[in-house]
Peer 1: 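Questions regarding the structure given below will be posed in turn.
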Amino acid sequence: MWSPANNLEQERLDKLNSLRARQIEPYPNRVGRTHTTVEALHAFEAAESQAASEPAPGAVTVAVTVAGRIVRQNLKGKVYFAHIEDGAGRLQLFARIDNVGEAAYEMIRQDLDLGDFVQASGTMMRTRAGEVSVLVEELAVLAKALSPLPVIKEHVTGDGTVERYGAFSDVEERYRQRYADLAVNPETRAVFRDRARAVSALRRFLDDEGFLEVETPILQPIYGGAAARPFITHHNQLHQDLYLRISFELYLKRLLVGMYDAVYEIGRDFRNEGVSFKHNPEFTQLEFYQAYADYHSMMDLTERMIAYVAEQVTGGTTITFQGQTIELAPPWQRITLRDAIRDRTGIDYAGYPDAASLAGAMRAAGMGADPAMTWGRLIDTLLGDAVEPTLIQPAFILDYPRDISPFAKSVPGDPTHVERFEMFVGGMEMGNAFTELNDPLDQEARFVEMGRLYSADDEETTPVDEDYLRAMRYGMPPCGGCGVGVDRLVMLVTDKSTIREVLLFPHLRERGERS
RNA sequence: GGCCCCGUAGCUCAAUCCGGCAGAGCAGUUGACUCUUAAUCAAUUGGUUAGAGGUUCGAGUCCUCUCGGGGUCACCA
């Protein structure tokens, strides 16, 4: 059973008990709200301007009942001012002992705290200072707050800018108690409204392009579609270990075998790996697959989609990300991986066709090169170290080494490369796409090849998915597929430098007693 | 996982360099105030300085370990 942790909570508990002792229910079941704060304000302003246009202006009477959380209060002798906030906005309450009576005024004076939810009934008016307010006739507690929220004071200066004092800014506490962060920091609420707008824009765009939204298993007997360590869980009754999915890829492509032309899924992937400013153990992924398409048409579609999302969230395709101006309107730069690496490092990896010679060239250029890495992994290292950080403006990097891309079709006439692109914006990888491999025998060979290449670090092996191969043997149409990291996309359009700022409840290590 | 930085009242922060009574603002409490809006004025409560151990006459401060967070590197398509 909870008990007060400090005098602030003790005093609030005393107030709650005092209310109950006077037969005032601090958590009533029913609310009688007639207007949101903003509706009340607009109703009054409309009535005011209508009255002003009439020949003989009379008193404006707009009766309302509003409800919200007390975010500021100011007791001034026998009058009381408070601002309440609801999901729509803020509104001032103005209560006088003459209007509400002595008993109610005593409750206001003694028992109300910042953070309490209240309901106020009265008529709209304007204070002498000009602020539209509710002249309160009745005031009721809707929910007593026992713990104090962080206190933030705001000062609106002459030019309309809001100065804030004592903002709740402790990063760890903001994440651990996101509800408090959201309650007191409107800009945090704005981030997650923007996130919702971004996700719904993705859906709208793909729906309009004729894609079908589907849902595939999160619990999978065989994981695959990416190189990542999975989370393992267990089904008790089936006596079966299951994996939390690391990608949707193999299930979505089964659906193309099943004759859907275009499908997408937005959902959670889980990867049992380190956390960083752009990695969380669970993250939101968008994957979409289109039959009769290839990676060129996926590029066209993807750049239009990202530009659409930016436009829907920010109002335009030119955005500011971490101090840099980024233009997301198509067309985006397209450059092969080989050219991009040669531009940045002077190394043309085509001249070093095996891992040993490439690693030697990298070391000669002063770069680290893990001797255990395959040729493709070395190239991937070059991409990550030398190319990725330079890609601030949106760019597609094309044509990847075959051995790190087991689900992509080869470039015609070039057995060492596959038709694959990754897209980068703001120095971050935002997505990954292929001309999807639909040759079942080649696919089987790739599984075997991957198993051989990665037997050393077996946890990242892509296991052979026999059911997926069976599906492909029924015939899979040529298709393009693309995956987009939704969290990173949201970082981009909300100008946040870490993924935790765009996750409502980012993963944090468990903490002991303090809470 | 390595390295660096951080953890003081409900919130935001001082005091740490160079060991010497643990402070301020907001919030709270009491009082004054019938148009305030960072309201104001007066008085006042509130601390296991993240935790454990050590050095010292004396530790928020120095040392060791633990916990948590941030950054960075490693890892990670």
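Please read these numbers as outputs of a predicted model, since none were measured by experiment. Chain identifiers are assigned alphabetically (A, B, ...) following the order of the sequence lines, protein sequences preceding nucleic acid strands; residue numbering begins at 1 within each chain.
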Peer 1: Roughly how far apart, to the nearest Å, are B/rA9 and B/rG53 at atom C1'?
Peer 2: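 After rounding to an integer number of Å, I get 26 Å for this pair.
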Peer 1: Using a distance-only test with no angle check, is there a side-chain donor-acceptor pair under 3.5 angstrom linking A/D181 and A/Q177?
Peer 2: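 Looking only at side-chain atoms, A/Q177 and A/D181 do not form any donor-acceptor pair under 3.5 Å.
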Peer 1: Which one, B/rG69, B/rU37, B/rC33, comes nearest to the side chain of A/E172?
Peer 2: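 It is B/rG69.
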Peer 1: Look at all strands and tell whether A/D98 reaches a base, only sugar-phosphate, or nothing, counting heavy atoms closer than 4.0 Å.
Peer 2: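 Base, at least one base heavy atom under 4.0 Å.
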Peer 1: Given B/rC11, B/rC76, B/rG69, identify the nucleotide with an atom nearest to the side chain of A/R176.
Peer 2: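 The listed nucleotide nearest to A/R176's side chain is B/rG69.
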Peer 1: When you check the phosphate oxygens OP1 and OP2 of B/rG69, does a side-chain N or O of A/R509 lie under 4.0 Å from one of them?
Peer 2: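 For B/rG69, OP1/OP2 do have a side-chain N/O of A/R509 under 4.0 Å.
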Peer 1: Considering only the P atoms, how many Å lie between B/rC11 and B/rC5, rounded to the nearest integer?
Peer 2: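 Taking atom P in both B/rC11 and B/rC5, they lie 25 Å apart.
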Peer 1: Will you find, in the side chains of A/Y295 and A/D399, an N or O donor that is under 3.5 Å from an N or O acceptor?
Peer 2: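 A pair is found: one side chain offers a donor N or O, the other an acceptor, under 3.5 Å apart.
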Peer 1: Is the phosphate of B/rA39 approached by A/R72 (side-chain N or O, under 4.0 Å from OP1 or OP2)?
Peer 2: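 It does, given that an N or O in the side chain of A/R72 lies less than 4.0 Å from OP1 or OP2 of B/rA39.
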Peer 1: Between the side chains of A/H83 and A/E154, is a donor N or O closer than 3.5 angstrom to an acceptor N or O?
Peer 2: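 The answer is no; no qualifying pair exists.
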Peer 1: Tell me the salt bridge (Lys or Arg N to Asp or Glu O under 4.0 Å) pairs involving residues 379-392 of chain A, sequence neighbours left out?
Peer 2: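 Only A/K278-A/E388 qualify under salt bridge (Lys or Arg N to Asp or Glu O under 4.0 Å).
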Peer 1: Can you tell which of B/rU29, B/rC35, B/rC75 lies closest to the side chain of A/D113?
Peer 2: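 Closest nucleotide among those given: B/rU29.
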Peer 1: Taking NZ, NE, NH1 and NH2 as the nitrogens, is one of them in A/D439 or A/K409 under 4.0 Å from a carboxylate oxygen of the other?
Peer 2: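 Looking at A/K409 together with A/D439, the answer is no, because their closest N to O distance does not fall below 4.0 Å.
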Peer 1: Compare the minimum distances between each of B/rC76, B/rC26, B/rG69 and the side chain of A/K153, then state the nucleotide with the smallest one.
Peer 2: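 Comparing B/rC76, B/rC26, B/rG69 against the side chain of A/K153, the answer is B/rC26.
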Peer 1: In whole angstrom, what separates A/E102's CD from B/rU34's P?
Peer 2: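 It is 13 Å, rounded to the nearest whole Å.
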Peer 1: Answer with yes or no whether the side chains of A/R500 and A/N280 bring together a donor and an acceptor at under 3.5 Å.
Peer 2: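 No pair is found: no donor N or O on one side chain lies under 3.5 Å from an acceptor on the other.
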Peer 1: Can you tell me which nucleotide in B/rC35, B/rG31, B/rU37 comes closest to the side chain of A/R109?
Peer 2: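 Within the option list, the nearest is B/rG31.
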Peer 1: Would you mind reading off the distance between A/R229 atom CZ and B/rC75 atom P, rounded to a whole angstrom?
Peer 2: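 Value for this atom pair: 13 Å.
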Peer 1: More 5' along RNA chain B: A/H507 or A/G77, using each one's nearest nucleotide?
Peer 2: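 The 5'-side residue here is A/G77.
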Peer 1: Does a side-chain N or O of A/N7 approach OP1 or OP2 of B/rU45 to a distance below 4.0 Å, or not?
Peer 2: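 Looking at the OP1 and OP2 atoms of B/rU45, neither is under 4.0 Å from any side-chain N or O of A/N7.
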Peer 1: Classify the ring geometry of A/H417 against A/Y349: parallel below 30°, tilted from 30° to 60°, perpendicular beyond 60°.
Peer 2: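 Plane angle under 30°, so parallel.
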Peer 1: Report which part of the nucleic acid A/A167 touches: base, sugar-phosphate, or nothing (heavy-atom distance under 4.0 Å, all strands).
Peer 2: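 Answer is sugar-phosphate: A/A167 comes under 4.0 Å of backbone atoms only.
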Peer 1: Please measure how far the C1' atom in B/rG19 lies from the corresponding atom in B/rG60, and state the result in whole Å.
Peer 2: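 Each nucleotide's C1' atom is 10 Å from the other's.
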Peer 1: Rounded to whole angstrom units, what separation is found between the NE2 atom of A/H83 and the P atom of B/rA38?
Peer 2: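 For the pair A/H83 NE2 and B/rA38 P, the rounded distance is 10 Å.
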Peer 1: Could you spell out the base pairing of RNA chain B as a dot-bracket line? Use Watson-Crick and G-U wobble contacts where both distances are under 3.5 Å, [ ] for crossing pairs, | for partners on a different strand.
Peer 2: (((((((..((((......[..)))).(((((.......))))).....(((((..]....))))))))))))....
Peer 1: If each of A/T498 and A/H155 is mapped to the nucleotide of RNA chain B with the nearest heavy atom, which maps nearer the 5' terminus, i.e. the 5' end?
Peer 2: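 This one resolves to A/H155.
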Peer 1: Please determine whether side chain to side chain contact (heavy atoms under 4.5 Å, CB included) holds for the pair A/R174 and A/E501, giving the CA-CA distance in whole Å, both sets of side-chain angles, and the decisive distance to 0.1 Å.
Peer 2: CA-CA 10 Å; A/R174 284 181 48 240; A/E501 288 291 344; 2.9 Å; yes
Peer 1: Under 4.0 Å, heavy atoms only, any strand: does A/S405 hit a base, just the sugar-phosphate, or nothing?
Peer 2: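 The answer is nothing, as A/S405 stays clear of every strand by at least 4.0 Å.
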Peer 1: Across the strands shown, which category fits A/E429 at heavy-atom distances under 4.0 angstrom: base, sugar-phosphate, nothing?
Peer 2: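 Sugar-phosphate, no base atom in range.
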Peer 1: So A/F396 and A/W332, would you call those rings parallel, tilted or perpendicular, with 30° and 60° as cut-offs?
Peer 2: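 It falls in the parallel class, under 30°.
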Peer 1: From the list B/rG10, B/rG71, B/rA38, which nucleotide is the closest neighbour of the side chain of A/L8?
Peer 2: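 My answer, after comparing the listed nucleotides, is B/rG10.
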Peer 1: Would you kindly give the CD1-to-C1' distance between A/I97 and B/rC33, to the nearest whole Å?
Peer 2: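 A/I97 atom CD1 is separated from B/rC33 atom C1' by 13 Å.
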Peer 1: For the P atoms, the ones on B/rU40 and on B/rA59, what distance do you get once it is rounded to whole angstrom?
Peer 2: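 Their P atoms lie roughly 40 Å apart.
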Peer 1: Counting the atoms with a prime plus P, OP1 and OP2 as sugar-phosphate, which does A/E422 contact under 4.0 Å by heavy atoms, base, sugar-phosphate, or nothing?
Peer 2: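 Answer is sugar-phosphate: A/E422 comes under 4.0 Å of backbone atoms only.
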Peer 1: Starting the side chain at C-beta, find the nucleotide from B/rG70, B/rC11, B/rG10 nearest to A/Y175.
Peer 2: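 Among B/rG70, B/rC11, B/rG10, the one nearest the side chain of A/Y175 is B/rG70.
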Peer 1: Among the candidates B/rU37, B/rC13, B/rG10, find the nucleotide nearest to the side-chain atoms of A/A129.
Peer 2: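 Closest nucleotide to the A/A129 side chain: B/rU37.
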Peer 1: To the side chain of A/P150, which of B/rU34, B/rC11, B/rC13 is closest?
Peer 2: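 The closest nucleotide is B/rC11.
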Peer 1: Whole angstrom is fine here: how far is it from CD in A/E154 over to P in B/rC26?
Peer 2: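 These atoms are roughly 17 Å apart.
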Peer 1: Which whole-number value in Å describes the distance from A/R128 CZ to B/rU37 C1'?
Peer 2: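 So the two atoms are 15 Å apart, to the nearest Å.
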Peer 1: Choosing from B/rU34, B/rU37, B/rC11, which nucleotide comes nearest the side chain of A/V79?
Peer 2: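 Out of B/rU34, B/rU37, B/rC11, the nucleotide with an atom closest to A/V79's side chain is B/rU34.
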Peer 1: Taking only side-chain nitrogens and oxygens of A/R377, does any of them come within less than 4.0 Å of OP1 or OP2 of B/rC76?
Peer 2: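 Looking at the OP1 and OP2 atoms of B/rC76, one of them is under 4.0 Å from a side-chain N or O of A/R377.
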Peer 1: What is the distance, to the nearest angstrom, from the OH atom on A/Y80 to the P atom on B/rC33?
Peer 2: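 The answer, rounded to whole Å, is 19 Å.
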Peer 1: When we call it a touch if two heavy atoms are under 4.0 Å apart, what does A/M125 touch: a base, just sugar-phosphate, or nothing?
Peer 2: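 Base contact.
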Peer 1: Under a 3.5 Å cutoff, is there a donor and acceptor pairing between the side chains of A/R377 and A/T381?
Peer 2: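 Distance-only check fails for A/R377 and A/T381.
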Peer 1: Measure from CG on A/L508 to P on B/rA50 and round the result to the nearest Å.
Peer 2: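 Between P of B/rA50 and CG of A/L508: 20 Å.
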Peer 1: Would you say the base of B/rG25 stacks on A/Y165 (centre-to-centre below 5.5 Å, plane angle below 30°)?
Peer 2: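 A/Y165 vs B/rG25: stacking no.
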Peer 1: Please determine whether a side-chain nitrogen or oxygen atom of A/K76 lies at a distance below 4.0 Å from atom OP1 or OP2 of B/rC41.
Peer 2: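 So the side-chain polar atoms of A/K76 never come under 4.0 Å of the phosphate oxygens OP1 or OP2 of B/rC41.
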Peer 1: Is the distance from OP1 or OP2 of B/rG71 to the nearest side-chain N or O of A/R500 less than 4.0 Å?
Peer 2: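 Yes.
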Peer 1: Using the C1' atoms only, state how far B/rA38 lies from B/rU12, rounded to an integer number of Å.
Peer 2: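 About 14 Å, rounded to a whole number of Å.
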